[in-house]
**Q** 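Would you mind keeping the following structure in view while I ask a few things?
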Amino acid sequence: MSDDSRPTPSAAPSAARTAAVIPAAGRGVRLGPGAPKALRALGGTPMLIHAVRAMAASRAVSLVVVVAPPEGAAEVRSLLDAHALPERTDFLVVPGGRSRQESVKLGLDALPPGHDIVLVHDAARPLVPVDTVDAVIEAVRDGAPAVVPALPLADTVKQVEPAGTPGEPEPVVATPERALLRAVQTPQGFDRTTLVRAHETVTGEVTDDAGMVEQLGLTVVAVPGHEEAFKVTRPLDLVLAEAVLARRRLNDGF
Ligand SMILES: Nc1ccn([C@@H]2O[C@H](COP(=O)(O)OP(=O)(O)OP(=O)(O)O)[C@@H](O)[C@H]2O)c(=O)n1
Ligand SMILES: C[C@](O)(CO)[C@H](O)COP(=O)(O)O
């Protein structure tokens, strides 16, 4: 995926250095029984390795912090040792927590000084293209404290009164205007100080890091996401991910 000719955020010493935190400590319950999701194979290689390579493909990223399943940190270190990364990219492995939010915080706590921009990227989005990563970094460098890659929705979305029992009919209470909605992906990019403050301040449950920055009253901006940055959540997503990889390998052959 790396292409030396494309214009990317420079890695010049004077430019803000970028680190990526990859929360990878989830079980993958929705994917079904098996190893922790990040360690499951995609095209014969653990999903986590694809995600790490996707971050390292950006020449701006000089450090990747992997937040591993708590009992799997040693295994993740061996995996990273066994799979080549670009020479410019260092990595660290730390054990994760009980929630995604806690895992990201543990990754942030492990970040050494010297990285002013931080990406947070789900291990469960192994196929994000490098152009999307670079677009997020560029927008942070341009001054946005928080940036999300996002796509318009294909489905109409309804707000419901959630049923007490799964599968029971749920009353619909509203239909938000679809043109104003976006499906948000990762990597989400942040000015480091802002992200650290968000994780120190916001205690309620959130589903993404940018939402915490919103709670600080700061502006989050969206840049175009990519269809291939989808999250591997359920078994069908794994089928799609294998198909995308197979298509890439075919195209790389030409
Ligand atoms: N305690 C947790 C929970 C999740 N994650 C990570 O957060 C990302 C997004 O979470 P999700 O896709 O929901 O993964 P899981 O929590 O593993 O999935 P599930 O909810 O189906 O168990 C994943 O890369 C996952 O490994 C994490 O680091 N620590
Ligand atoms: C961060 C995220 O990927 C943005 O869409 C998403 O909210 C993660 O949700 P999950 O339930 O932890 O997979």
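Below, all heavy atoms of this structure are taken into account, side chains as well, without hydrogens, waters or symmetry copies. Counting convention: from 1, in listed order, for ligands and their atoms alike. Residues: numbered from 1 along the sequence shown.
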**Q** Can you hop from L245 to L39 via hydrophobic side chains spaced under 4.5 Å?
**A**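 Different clusters.
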**Q** Using a 4.0 Å cut-off on heavy atoms, what residues surround ligand 2? Order them by chain and number.
**A**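 If the criterion is a heavy atom under 4.0 Å, then ligand 2 touches R30, R100, D122, R125, V184, T186, T207, D208, K231.
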**Q** Are D131 and H226 close enough, and set up right, to give a side-chain hydrogen bond (donor to acceptor under 3.5 Å, both in side chains), and what steps lead you there?
**A** CA-CA 9 Å; D131 287 351; H226 197 285; over 6 Å; no
**Q** Ion pair present between R59 and D134, side-chain N to carboxylate O less than 4.0 angstrom?
**A**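 Between D134 and R59 there is no salt bridge, as every charged N stays at least 4.0 Å from the carboxylate O atoms.
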**Q** With respect to R192, which candidate in T18, V140, L111, I117 satisfies the side chain to side chain contact (heavy atoms under 4.5 Å, CB included) definition?
**A**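 Filter result, single survivor: L111.
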**Q** So, D237 and R234, do they make that salt bridge, N to O below 4.0 Å?
**A**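 The answer is no: the pair does not qualify as a salt bridge.
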**Q** Of the options P69, P46, P70, which is the one that meets P36 in a side chain to side chain contact (heavy atoms under 4.5 Å, CB included)?
**A**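 Of P69, P46, P70, side chain to side chain contact (heavy atoms under 4.5 Å, CB included) with P36 is met by P69 alone.
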**Q** Are R100 and D208 close enough for a salt bridge, meaning some N to O gap below 4.0 Å?
**A**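 No.
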**Q** Residues around ligand 1, heavy atom under 4.0 Å from any ligand atom, sorted by chain and number. Can you pull those?
**A**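 Answer by chain and number: P23, A24, A25, G26, R27, G28, V29, R30, K37, G97, R98, S99, R100, S103, D122, A123, A124, K231.
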**Q** Can you see whether H199 engages D109 through a side-chain donor-acceptor pair at a distance of less than 3.5 angstrom?
**A**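 No - no donor-acceptor pair under 3.5 Å links their side chains.
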**Q** Decide, yes or no, whether a salt bridge links R247 with E228 under the criterion of side-chain N to carboxylate O below 4.0 Å.
**A**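 Looking at R247 and E228, the cut-off is met.
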